[in-house]
Number of protein chains: 2
Amino acid sequence: MKNMSVKKKRNGPIMFPKATLERLKMYHALLQEEKSEYISSEEIARKLSIKPEQVRKDISYLDYSGKPKVGYHISSLVDALDELFGTKLRDNIIIIGAGHLGKALANYKGFVNFGIRVVAIFDNDPEKLGTYAGELVVLPLKDLDRVIRRFNVKIGTICVPGESAQKTVDLLIKKGIKAIWNFAPVILEVPENILVENMDIARSVLTLKHLLDRTPTGKIR
Amino acid sequence: MKNMSVKKKRNGPIMFPKATLERLKMYHALLQEEKSEYISSEEIARKLSIKPEQVRKDISYLDYSGKPKVGYHISSLVDALDELFGTKLRDNIIIIGAGHLGKALANYKGFVNFGIRVVAIFDNDPEKLGTYAGELVVLPLKDLDRVIRRFNVKIGTICVPGESAQKTVDLLIKKGIKAIWNFAPVILEVPENILVENMDIARSVLTLKHLLDRTPTGKIR
DNA sequence: CTATTATCGTTATAATTTTCACGTTATATT
DNA sequence: AATATAACGTGAAAATTATAACGATAATAG
Ligand SMILES: NC(=O)c1ccc[n+]([C@@H]2O[C@H](COP(=O)([O-])OP(=O)(O)OC[C@H]3O[C@@H](n4cnc5c(N)ncnc54)[C@H](O)[C@@H]3O)[C@@H](O)[C@H]2O)c1
Ligand SMILES: NC(=O)c1ccc[n+]([C@@H]2O[C@H](COP(=O)([O-])OP(=O)(O)OC[C@H]3O[C@@H](n4cnc5c(N)ncnc54)[C@H](O)[C@@H]3O)[C@@H](O)[C@H]2O)c1
């Protein structure tokens, strides 16, 4: 009789450690590329430069079990991760700011793999209104209300300059947005029931700069 | 006699906990926007929804001290963070892949604030060669060697599709690149002396999807 | 000048996360 | 069918990280 262990999952929502969630996303990325049928914790660990025990512990949080002697059935594990992240459910999102980055996102074909559909892109520059970003016409902010209701949009993407970010967020929240995907390099203040995910692209390179300065190889510069 | 405590820093390179480094980046983002002269750990903590003790502990890693009764002198603290991250030293970087994202990055004016200069952008599509991305002409891969040497490039930015990412990285490493800033949604395998920072933009939205499903407000969808 | 107070820096304590160690189980072998 | 083995799952130990507590200190008020 397999899987008789009572999973923590059953008793209310588990809190995933933030680091575990990040690693689960890495497993998701890795496994999606894998061609074979099974993979061991050891192989996953090797490819990600972590310990196999860590991999097993992380996966034990999921509603999924591997097979002794064989490893993890990749497509089932991906299913479990898809379940965790809701990638099979589609969320409609909007983008505010039809500049270089906003347009790149609007053109991105890969979002479908993550259960994301960009339903509209907005800008406040009259010159930009009516132009195209991918398949989408750039809309004025006055259309926000209509679009958010019509497509039941929960996630708003901030692609405006840093100095406009906070007021844009305030507006989105007033219009009913529940989660902010923030690409502006600033810290946003939001009510505590609103989620924020910061994608501070440029600042992320500082990790590399920091480490390059401290790594034997990179020391000379 | 102030600052008589022997900082850990003095005895060899400190290891910053990953979470601490991430928070230090957030302080950097927050403080750069701050207009006043001083700020307290309490105010920083409030704006980032963390505890003030955490802020003080993080800052204690730096070669910087605040003032009792007053708080942290913002511009000095920013200087200490700039020092930590090397934002005042310029690194020349290259971009591989002159598609939507690569061009957006090539056009980004904000990199100067992070000590980054994009010196070249490459593509393997003959149609793209010679076209412009910002100020830069799109170059063929055969120019890699020359550019990397001429500008002493340590960091390579991956903006090619996932399926080309690994071979592009292999090539860059062969040409002497020491750090990879990876925007492709795949896990890269590199020798252990090579640094990798993954900017898996699309996958980052999964955190929001995951939490929206588990947050009272976002439950109904 | 002294007392008071706000806020830092740091040591001690608590909580969390990772690693270890080993029992369990599915498959393969003799 | 019994045995060997590879890999998982998990409870316990270790390590790391976060929180709390508190003494030290600079500014301010009296
Ligand atoms: N381009 C990149 O590669 C890159 C890299 C790192 C960070 N970012 C950040 O992403 C954001 C967007 O960058 P970008 O390069 O696309 O900038 P951009 O200047 O090309 O585009 C910004 C767009 O926002 C619009 N806008 C400004 N204020 C607005 C408002 N209040 N409401 C609606 N629209 C408004 C502008 O009209 C413009 O079209 C910025 O915060 C930037 O710092 C971009
Ligand atoms: N555009 C986005 O907003 C976005 C969002 C998330 C992730 N990404 C990721 O970023 C990467 C780039 O995305 P994009 O939208 O710019 O794609 P894109 O298709 O617009 O551009 C890719 C470019 O890479 C070039 N290329 C392909 N193989 C190459 C090779 N071997 N050597 C050199 N150049 C090569 C192509 O000619 C093309 O110009 C992809 O991995 C994508 O998954 C992009």
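All chains are named by letter (A, B, ...) in the order of the sequence lines, taking the proteins before the strands, and each is independently numbered beginning at 1. The model shown is predicted, which means the values in this text are computed figures rather than measured ones. Values below: all heavy atoms of this structure, side chains included; hydrogens, waters and symmetry mates excluded.
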Asks: Rounded to the nearest 0.5 Å, how far does CD1 of A:I93 lie from CD1 of A:I116?
Replies: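 Between A:I116 CD1 and A:I93 CD1, I get 5.0 Å after rounding to 0.5 Å.
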Asks: What is the distance, to the nearest angstrom, from the CG atom on B:L21 to the P atom on D:dT17?
Replies: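 To the nearest whole Å, that distance equals 11 Å.
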Asks: Rounded to whole angstroms, how far apart are NZ on B:K18 and P on D:dT17?
Replies: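 Taking NZ of B:K18 and P of D:dT17, I get 12 Å after rounding.
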Asks: Taking CG from A:L48 and C1' from C:dT18, how many angstroms apart are they, rounded to a whole number?
Replies: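 Spelled out: CG on A:L48 to C1' on C:dT18 is 16 Å.
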Asks: Would one find a side-chain N or O of B:S41 under 4.0 angstrom from OP1 or OP2 of C:dT7?
Replies: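 No, B:S41 has no side-chain N/O under 4.0 Å of OP1/OP2 on C:dT7.
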Asks: Within residues 32-40 of chain A, which residues have any heavy atom lying less than 4.0 Å from an atom of DNA chain D?
Replies: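 DNA chain D contact set from residues 32-40 of chain A: A:S40.
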Asks: Is atom CD of A:E42 surrounded by more than 12 heavy atoms (other residues, nucleotides or ligands) closer than 6.0 Å?
Replies: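 Not more than 12 within 6.0 Å, no.
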Asks: Do the side-chain N or O atoms of B:S65 get closer than 4.0 angstrom to the phosphate oxygens (OP1, OP2) of C:dG9?
Replies: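 Yes, within the criterion.
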Asks: Taking all atoms of both residues into account, what is the closest heavy-atom pair of A:D91 and B:K209, and its distance?
Replies: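 Taking A:D91 first and B:K209 second, the nearest heavy atoms are OD2-NZ, 2.8 Å.
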Asks: From NZ of B:K57 over to P of C:dT16, roughly how many Å is that when rounded to an integer?
Replies: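 Spelled out: NZ on B:K57 to P on C:dT16 is 16 Å.
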Asks: What is the distance, to the nearest angstrom, from the CG atom on A:D58 to the C1' atom on C:dT16?
Replies: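 Rounding to the nearest Å, CG of A:D58 and C1' of C:dT16 are 14 Å apart.
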Asks: What residues form a salt bridge (charged side-chain N to carboxylate O under 4.0 Å, His left out) with B:R46, not counting sequence neighbours?
Replies: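 With sequence neighbours excluded, B:R46 shows a salt bridge (charged side-chain N to carboxylate O under 4.0 Å, His left out) to A:E189, given in chain and number order.
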Asks: Give the rounded distance in Å between these two atoms: CG of A:L62 and P of D:dG9.
Replies: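 It is 10 Å, rounded to the nearest whole Å.
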Asks: Table please: side-chain donor-acceptor pairs of residues 16-26 of chain B below 3.5 Å, with sequence neighbours left out.
Replies:
residue, atom, partner, partner atom, Å
B:K18, NZ, B:E22, OE2, 3.4
B:T20, OG1, B:R23, NH2, 3.3
B:T20, OG1, B:D58, OD1, 3.3
B:E22, OE2, B:K25, NZ, 3.3
B:R23, NE, B:D58, OD2, 2.6
B:R23, NH2, B:D58, OD1, 3.1
B:K25, NZ, A:T207, OG1, 2.6

Asks: Write down the atom of A:A29, the atom of B:P185, and the distance for their closest heavy-atom approach.
Replies: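 Taking A:A29 first and B:P185 second, the nearest heavy atoms are CB-O, 4.1 Å.
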Asks: Which parts of residues 69-76 of chain B get close to DNA chain D, meaning a heavy atom less than 4.0 angstrom away?
Replies: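 Close to the strand are B:K69, B:V70.
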Asks: How close or far is atom P of D:dC8 from atom CG of A:L77, stated in whole angstroms?
Replies: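 Result: 11 Å.
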Asks: Among A:K174, A:K167, A:Q166, find the residue that satisfies the side chain to side chain donor-acceptor pair (under 3.5 Å) test when tested with A:D170.
Replies: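 Running side chain to side chain donor-acceptor pair (under 3.5 Å) over A:K174, A:K167, A:Q166 with A:D170 returns exactly one hit, A:Q166.
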Asks: So which heavy atom on B:I121 is nearest to which on B:A106, and how close?
Replies: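 Scanning both residues, the minimum pair turns out to be CD1-CB, 4.2 Å.
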Asks: Whole angstrom is fine here: how far is it from OH in B:Y64 over to P in C:dC8?
Replies: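 From B:Y64 OH to C:dC8 P: 9 Å.
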Asks: Can you see which heavy atom on A:F151 is nearest to which on A:N92, and at what distance?
Replies: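 Smallest heavy-atom distance, with atoms named: O-ND2, 3.0 Å.
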Asks: Side chain of A:P68 only, heavy atoms from C-beta on: which candidate in D:dA18, C:dT25, D:dA26 is closest?
Replies: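 The answer is C:dT25.
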Asks: For residues 49-56 of chain A, which residues have at least one heavy atom under 4.0 Å from DNA chain C?
Replies: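 Heavy-atom cutoff 4.0 Å gives A:K51, A:E53, A:Q54, A:R56.
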Asks: Which heavy-atom pair separates A:Y72 from A:S40 by the least distance, and what is that distance?
Replies: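 Minimum heavy-atom separation between A:Y72 and A:S40: CD1-C, 4.4 Å.
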Asks: Taking only residues two or more places apart in sequence, or in another chain, which ones meet A:N107 in a side-chain hydrogen bond (donor to acceptor under 3.5 Å, both in side chains)?
Replies: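 Expected list: none.
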Asks: Kindly say if B:K67 contacts the phosphate of D:dA27, meaning a side-chain N or O under 4.0 Å from OP1 or OP2.
Replies: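 For B:K67, the contact criterion (side-chain N or O under 4.0 Å from OP1 or OP2 of D:dA27) is met.
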Asks: Would you mind reporting whether A:I96 and A:L141 have side-chain heavy atoms less than 4.5 Å apart?
Replies: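 Answer yes - side chains close enough.
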